[in-house]
Amino acid sequence: MLQTTKRPDSPVSIIGAGIAGAWQALLFAQAGHAVTLHERGDADMTDATSHWAGGMLAPYCEAEVSEPIISRLGLRSLDIWRRELPDTPFNGSLVVAHPRERNDFERFARMTEGHRRLDAASLAEFEPSLEGRFRDALFFPTEGHVEPRRVLPQLHERIRAAGGTIKFSSDVSAAELAKLDAKGIVIDCRGLSARDEQPGLRGVKGEMILIETAEVQLARPVRLIHPRWPLYVIPREDNQFMLGATSIEAEDTGVSVRSALELLGAAYAVHPAFGEARIVEFGSGLRPAFPDNLPRIGIRGSTISVNGLYRHGFLIAPALAELTLSFVERGQIDNEVMQCA
């Protein structure tokens, strides 16, 4: 068992107030550490990757394309979300497909667990707006979803309530913080900005569109099987829906015409009433990813890096924070996630 070089009650400085850093700060503050969370942007967090996230808590669905470690971390994170934010919607999620994608739909069913099949009548009971739209669906009852732009400020408030300090417009480096407090621990959650220390990171663009209509009502995310990438419709408050998300190996910003057509076409394929919806916003975020698309907790002396969450940030961030805390306080190592220099 590898021990940290710092005392378990050492002060903790965290860089990055997005979803990864926020969960680190919350769990460390609740454990009694003196936590300071630094964020180079302002409190609106509009430049953060989290601002453009879907917020789906869907470890079973993600198993279709992800490694088992994502499912393990995701399932643990569901418990932490329920414990820390009990109002989080856990209404399940739905996977549907049109006849031309029938083979892909059946493959999805074989590749995933934790679901039950709904016939057309049962689907209509769950989501009346989808009556007559699909002949069946896969229902994942234990999955949930959050609205990132609402839940991130809630996490920040929980951090303050637990005794933590948040400093916005604070552009600092891990080296600077280590010099300021030689007795402390620094946790680097900067995402792509950490490429000065982790050159293997790359940005994977995820595009989204926010639309508004009162003609469709959904209680849970609906994932439409697509030949190139998963497309989903996520209900938001105030009759809004997020359409997402592409996964493009590019680091430019904005939404391409092709992606907009596919996202809007997917929504129309779920329900024609989306064709009359009002477009509220286009946007994209760059997800930090390592070459294997798996997260890493890197340990180098008193500096810990948490990065590479890829498209699973909201799903796995709580479990990663729990692992980091367990290492600092008890020296526990998770060999699938942690790397020690």
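Y310 and F290 have their aromatic ring centers separated by at least 6.0 angstrom. Residues F140 and H115 place their aromatic rings such that the two centres sit under 6.0 Å apart.
Heavy-atom contacts from other residues, nucleotides or ligands closer than 6.0 Å to CZ of R258 number 12 or fewer. The environment of CG in D47 is sparse: at most 12 heavy-atom neighbours from other residues, nucleotides or ligands sit within 6.0 Å. Within a 6.0 Å radius of CD in E251, more than 12 heavy atoms belonging to other residues, nucleotides or ligands are found.
L325 has its side chain out of reach of Q332: every pair of non-hydrogen atoms, C-beta onward, lies at least 4.5 Å apart. In this structure the side chain of R202 reaches within 4.5 angstrom of the side chain of N293, judged on heavy atoms. For the pair F90/P141, no side-chain contact is recorded, criterion being any heavy-atom separation below 4.5 Å from C-beta on. Inter-residue side-chain proximity for P295 and I70 is flagged as met; some heavy-atom pair is nearer than 4.5 Å. Side-chain contact between R223 and F108: present, with at least one pair of heavy atoms (C-beta onward) separated by less than 4.5 Å. Contact check for L243 versus L264: side-chain heavy atoms found under the 4.5 Å cut-off.
Heavy atoms only, all atoms of each residue included: R150 and D238 are closest at NH2-OD2, 3.5 Å. Of all heavy-atom pairs between H271 and R133, the closest is CA-NE, 4.0 Å.
With E39 contributing its side chain and F168 its backbone, the two residues share no donor-acceptor pair below 3.5 Å. Distance alone, capped at 3.5 Å, places no donor-acceptor pair between the T112 side chain and the Y60 backbone.
Tested against W23, the residues I80, L320, V306, I14 include a single side-chain contact (heavy atoms from CB on, under 4.5 Å) partner, I80.
Contact check on R107 versus D104 returns no salt bridge, with no Lys/Arg side-chain nitrogen under 4.0 Å from an Asp/Glu carboxylate oxygen. Using a cutoff of 4.0 Å between basic side-chain nitrogens and carboxylate oxygens, R135 and D119 are not scored as salt-bridged.
Residues S193 and R40 have side chains that bring a donor and an acceptor to within less than 3.5 angstrom of each other.
Remark: R149 is positioned above the aromatic ring of W52, its terminal NZ or CZ atom under 6.0 angstrom from the ring centre and at most 45 degrees off the axis.
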